[in-house]
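Here is the structure we will look at, set down as structure tokens.
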Amino acid sequence: YEKDWVAELNQWLPRKIIDIHFHCASLVDKQHLVNWEATAPGLMFNSFPWEEHCGILEQILPGIEYRVAGFGIPTIQACDLQNEYIFGLSQIGKPVIPILMGLAPIKPDYVTAKFQAGFRGIKMYPTYSQKKTLTRVEQVFPQSIISVVNDRCSNMIMHLPNNLRVNGVELVEIAKRYENANFIIAHMGNFYKEQEGFAFALGQMKNLPNVYFDTAMVSDVDVIAKALSILGQEKVLFGSDAP
């Protein structure tokens, strides 16, 4: 079955793929690769090093050049070690674009220094409690950090605290205020399946040249089709959410 699937994919996939949403982490404190006690997909891996990815990619995407915007795994608290690992991969000829993983609290001077060193963007996350309550975008993505991204004409991958319908108005204001920053909205704005209000929320983003959306973990083809229809293909970026 898997061989047939690989053959079908390779009939129509492009020969070069850039994956904009790609988690990668080395082993921390000699943990096992898999967390067998995990109760949710996001907790399944204690690590997933680049070598593991390569072994899988070579099997399912033979002959395809695969480049990634890579960052760590947020459930692992050793943030600095993960950032060092990602940056190290980018420096030794691996096809990894280094993205800084920022877990609160994070200071603007730290982000500035990492950008100066060669990181090409930052990925930040809401906390579990922020996801479960009404939360403003700037409670997760402070203005001080967005200002650094804007000053460097860099990229911020945003996992919105709620979803595009709830956070959309504020996102529009931020995108207009920080027009030198690129905002890549993860998981199609947390619309993993077609829901009421998605098309309207996307329409608010249509004329913002610095707002993009990735496909990570989106399980409904209609969501991606609607985004392509409303936003155009230049604004929809492939993201696997690997592993």
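These values consider heavy atoms only, across backbone and side chains, with no hydrogens, waters or symmetry-generated copies.
Proximity of a side-chain donor or acceptor of Asn190 to a complementary backbone N or O of Pro161 within less than 3.5 Å is not detected. Counting only distance, with no hydrogens or angles, the side chain of Ser229 and the backbone of Ala225 share no donor-acceptor pair below 3.5 Å. Proximity of a side-chain donor or acceptor of Lys235 to a complementary backbone N or O of Leu208 within less than 3.5 Å is detected. Formation of a donor-acceptor pair under 3.5 Å by the Glu170 side chain with backbone atoms of Arg136 is not found in this model.
A distance of 14.0 Å separates CD1 of Ile17 from CZ of Arg67, quoted to the nearest 0.5 Å. Between atom CG of residue Leu9 and atom CH2 of residue Trp5 there is a gap of 5.5 Å, rounded to the nearest 0.5 Å. Atom CD1 in Ile92 sits 11.5 Å away from atom CZ in Phe87 (nearest 0.5 Å). To the nearest 0.5 Å, the span separating CD1 on Ile18 from OH on Tyr66 amounts to 11.0 Å. One distance of note links CD1 of Ile174 with CG of Asn150; it measures 11.5 Å at 0.5 Å rounding. From Phe115, atom CZ reaches atom CZ of Arg152 across 8.0 Å, with rounding to the nearest 0.5 Å.
Nearest heavy atom pair, residue Gln130 against residue Thr135, reads O-OG1, 2.8 Å. Residues Gly189 and Leu160 come closest through the heavy atom pair CA-CD1, 4.1 Å. The two residues Met205 and Gly168 make their nearest non-hydrogen contact at CE-O, 3.5 Å. Smallest separation of non-hydrogen atoms from Cys79 and Leu103: SG-CG, 4.1 Å. Pairing each heavy atom of Phe213 with each of Met188, the nearest pair is CB-SD, 3.8 Å. Considering every non-hydrogen atom in both Asn162 and Thr133, the closest pair reads ND2-O, 2.8 Å.
Of the residues listed (Val149, Ile157, Asn155), the one engaging Ile122 in a side-chain contact (heavy atoms from CB on, under 4.5 Å) is Val149, and it is the only one. Of the options Ile224, Asp220, Val218, a side-chain contact (heavy atoms from CB on, under 4.5 Å) to Asp222 is made by Asp220 and by none of the others.
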Donor-acceptor contacts, no H, no angles, side chain residues 42-56, under 3.5 Å, sequence neighbours left out:
from	atom 1	to	atom 2	distance (Å)
Asn46	ND2	His32	O	3.0
His53	NE2	His23	O	2.8

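Put simply, the side chain of Ser154 does not reach to within 4.5 Å of the side chain of Asn182, judged on heavy atoms. Counting heavy atoms from C-beta outward, Lys94 and Val68 have side chains that stay 4.5 Å or more apart. Counting heavy atoms from C-beta outward, Asp80 and Tyr110 have side chains that approach closer than 4.5 Å. The shortest side-chain heavy-atom distance between Cys24 and Ile86 falls under the 4.5 Å cut-off. Residues Arg165 and Phe200 fail the side-chain proximity criterion, which asks for heavy atoms closer than 4.5 Å. Using a 4.5 Å cut-off on side-chain heavy atoms (C-beta onward), Ser240 and Phe22 make contact. When side chains are defined from C-beta on, Ser26 does not count as touching Glu84, because their heavy atoms never get closer than 4.5 Å. A heavy-atom distance below 4.5 Å is found between the side chains of Phe183 and Ile146.
Applying the side chain to side chain donor-acceptor pair (under 3.5 Å) test to Asn163 and every residue at least two apart in sequence or in another chain returns nothing.
Counting non-hydrogen atoms of other residues, nucleotides and ligands closer than 6.0 Å to CD of Glu37 gives a total of 12 or fewer. Remark: Gln59 CD is loosely packed, at most 12 non-hydrogen atoms of other residues, nucleotides or ligands lying under 6.0 Å away. Within 6.0 Å of CZ on Arg120 lie no more than 12 heavy atoms contributed by other residues, nucleotides or ligands.
A tilted orientation is assigned to the rings of His187 and Tyr192, their planes being inclined by 30° to 60°.
Clustering ILVMFWY residues whenever any of their side-chain heavy atoms sit less than 4.5 angstrom apart, transitively, puts Leu237 in a cluster other than the one holding Met217. Both Leu13 and Leu57 sit in one connected hydrophobic cluster of ILVMFWY residues. Membership requires side-chain heavy atoms under 4.5 Å apart, directly or through other members. Following chains of ILVMFWY side-chain contacts shorter than 4.5 Å, one cannot reach Ile20 starting from Leu171, and the two form parts of different hydrophobic clusters. Linking ILVMFWY side-chain heavy atoms closer than 4.5 Å, directly or via other members, places Met158 and Ile99 in two distinct hydrophobic clusters. No continuous path of hydrophobic side-chain contacts links Ile97 to Met156 [ILVMFWY only; heavy atoms under 4.5 Å].
Applying the side-chain hydrogen bond (donor to acceptor under 3.5 Å, both in side chains) test to pairs two or more places apart or on separate chains, those with a residue in residues 194-218 are His21-Asp214, Glu194-Lys226.
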